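Each remark here refers to the structure printed beneath this line.
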There are 2 protein chains.
Amino acid sequence: MLTQSNSASSSVGRKVASLPCAANDQFGILTGHAGLVATEFTYRKDEEIYGEDEQAEYVYQVIRGAVRTYKLLSDGRRQIGAFHLPGDVFGLESGATHRLAAEAILDTTLRLVKRKSLELSAQSDVRVARDLWSITSGELQHAENHMLLLGRKTAMERVATFLLEMDRRIAKTGMIALPMCRRDIGDYLGLTLETVSRALSELQQQGVLGLSGARQIVLRNRERLADLEA
Amino acid sequence: MLTQSNSASSSVGRKVASLPCAANDQFGILTGHAGLVATEFTYRKDEEIYGEDEQAEYVYQVIRGAVRTYKLLSDGRRQIGAFHLPGDVFGLESGATHRLAAEAILDTTLRLVKRKSLELSAQSDVRVARDLWSITSGELQHAENHMLLLGRKTAMERVATFLLEMDRRIAKTGMIALPMCRRDIGDYLGLTLETVSRALSELQQQGVLGLSGARQIVLRNRERLADLEA
DNA sequence: CGCCACCTCCGGTAAACTACGTAGGGGCAA
DNA sequence: TTGCCCCTACGTAGTTTACCGGAGGTGGCG
């Protein structure tokens, strides 16, 4: 059962053009335009948000929680393309369908906007069109970096890169609170969960990081980690 | 020494909106808009077109030849992100800089358009803005598929996928004429050139393909190849 | 003609990772 | 509390692939 609540474009007066306001710059795009109706929706842990090749009816923004987008091979092998954290927009497609599936990693609240209404808005407001392009371009940049990681980096380099990415994106008071399990990390980095676990243990033994619980990480030596990133 | 020639927006009368005319649909975007000045430029084999993190002054379209875009690690490991063939647009950035380097694979003629003039055109014509987004979105889709390949497919599956991609993109009269060497293929697929070579030999032995010269490939059993793709 | 780049084929070695197992501790939810 | 999932930590075996060197063939080119 899903909790649903309307919040029809609550903060209307917001400016759009390049606001480096809060933590996340993509925040204004789905809220800042009058005439756009946004709906909030809550998904439970491991619940599917949309499937691969499904019609792309909505564009999503994470309010609370975390989302993984992924592709599957016929025998179940999985590649996670990205993790989406509060503030991130995902599910935005230029074509008709979603090309990755999306699931909530934990209980997650999303803001939904009709894809059609966004496209319509983009036809009359070039700034919206520019924002849509920028979001897709940002995803492409991430994917390009990730191809380098998947194609050419060693297991330890991948884990170091992952830690620095998470540190940049979700570090609060020096602490990384991971929303995802080791299997998710492995499927993101093209490794097995065991390899991820081993790499983290070794980094802890070297004093590069501290673990307080499996999903609470403190980076103690970012320079060393940047070296390991290759 | 570079051959240069002006062809200032030669085919002006061309329509833009969704032309499924020739082999390649991206063809109209850099030529179809009056007011855009296009310059043709020829690069020699292995010549750099632009470097990683270089200012993105131009957007490019392949007229003849082929281009590889890639990222390097500090120790020389290379990941090729994409091959660009006649008709393809590349080097299009939403941000200020190129995030992969680009080189000509063989003697290659490109059409260049000033990035600024395209952006300007996009501000007055929403169709142009839409086209720019579509190009970037297409690149993202390719990158997403490639992440699955790099993260989760076996060597043979990668080679099979590569062959089917090339078959789709450059097959003339049932023949694939590869512009790139085995090392390029390896760096594209996250493999060594030896592994690529072995996989192709095995496919030849199985009768799945025929080699007439290393870069002339005939696919004899696409169904088998599609199975191998996983 | 030789030179050179590219490619294939042949080894052997080593690393990386997978694929099983088993076991135990901890957190969390019913 | 109990059960379940997640995580760590062993172990062993096996596969895949990388990496190294070298030999030989081929085709293009000067």
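For clarity, every value in this text was computed on a predicted model and none was experimentally measured. All chains are named by letter (A, B, ...) in the order of the sequence lines, taking the proteins before the strands, and each is independently numbered beginning at 1.
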Write down the distance between CZ (R77(A)) and P (dC17(C)), rounded to a whole number of angstrom. 17 Å
Passes side-chain contact (heavy atoms from CB on, under 4.5 Å), M180(B) versus R68(B)? Steps please. CA-CA 9 Å; M180(B) 73 292 285; R68(B) 58 180 171 251; 5.9 Å; no
Check this for me, if you would: do E202(A) and R198(A) make a salt bridge, where the nitrogen-to-carboxylate-oxygen distance has to be below 4.0 angstrom? no
Nt span of DNA chain D in reach of chain A heavy atoms at under 4.0 Å, 5' end first, is dC6(D) to dA9(D)
Side chains of L225(B) and E229(B): does their closest heavy-atom pair fall under 4.5 Å? no
Should I63(A) and L110(A) count as side-chain neighbours, where that means a heavy-atom distance under 4.5 Å? no
In the structure I gave you, are the side-chain heavy atoms of K114(B) and V59(B) within less than 4.5 Å of one another anywhere? no
Once you apply a heavy-atom cut-off of 4.0 Å, does K45(A) come out as touching a base, just sugar-phosphate, or nothing? nothing
Which pairs, protein N/O on one side and nucleotides 8-16 of chain C N/O on the other, fall under 3.5 Å?
| unit_1 | atom_1 | unit_2 | atom_2 | d |
| --- | --- | --- | --- | --- |
| dT8(C) | OP1 | R182(B) | NH2 | 2.8 |
| dT8(C) | OP2 | R182(B) | NE | 3.1 |
| dT8(C) | OP2 | S197(B) | OG | 2.5 |
| dT8(C) | O5' | S197(B) | OG | 3.3 |
| dC9(C) | OP2 | S201(B) | OG | 2.5 |

Terminal axis angle for the helix from dC1(C)-dG30(D) to dA30(C)-dT1(D), five pairs an end, nearest 10 degrees: 50°
Within the structure provided, determine whether C181(B) and I105(B) are in side-chain contact (heavy-atom separation under 4.5 Å). no
Please work out if G190(A) contacts a base, only the sugar-phosphate, or nothing of the nucleic acid, heavy-atom cut-off 4.0 Å. nothing
Residues touching DNA chain C, which here means a heavy atom under 4.0 Å, drawn from residues 158-166 of chain B: none
Side-chain contact test, heavy atoms from C-beta onward, threshold under 4.5 Å: evaluate it for L163(B) versus L203(B) and give yes or no. yes
Out of E139(B), E54(B), E52(B), E93(B), which one pairs with R99(B) under the salt bridge (charged side-chain N to carboxylate O under 4.0 Å, His left out) rule? E93(B)
Strictly below 4.0 Å, N to O, side chains only: are D88(A) and R169(A) in salt-bridge contact? yes
Quick one: list whatever passes salt bridge (charged side-chain N to carboxylate O under 4.0 Å, His left out) with R158(B), sequence neighbours left out. none
Can you check whether E57(A) reaches R115(A) side chain to side chain, under 4.5 Å on heavy atoms? no
What nitrogen or oxygen pairs link the protein and nucleotides 25-28 of chain C at under 3.5 Å?
none

Distance flag, aromatic centroids of Y50(B) and Y60(B), threshold under 6.0 Å: yes
Among R182(A), R78(A), R77(A), whose salt bridge (charged side-chain N to carboxylate O under 4.0 Å, His left out) with D187(A) holds? R78(A)
Walk me through whether T69(A) and I80(A) qualify under side-chain contact (heavy atoms from CB on, under 4.5 Å). CA-CA 6 Å; T69(A) 54; I80(A) 292 180; 5.6 Å; no
Check for a donor-acceptor pair, side chain of S137(A) on one end and backbone N or O of I135(A) on the other, with a separation under 3.5 Å. no
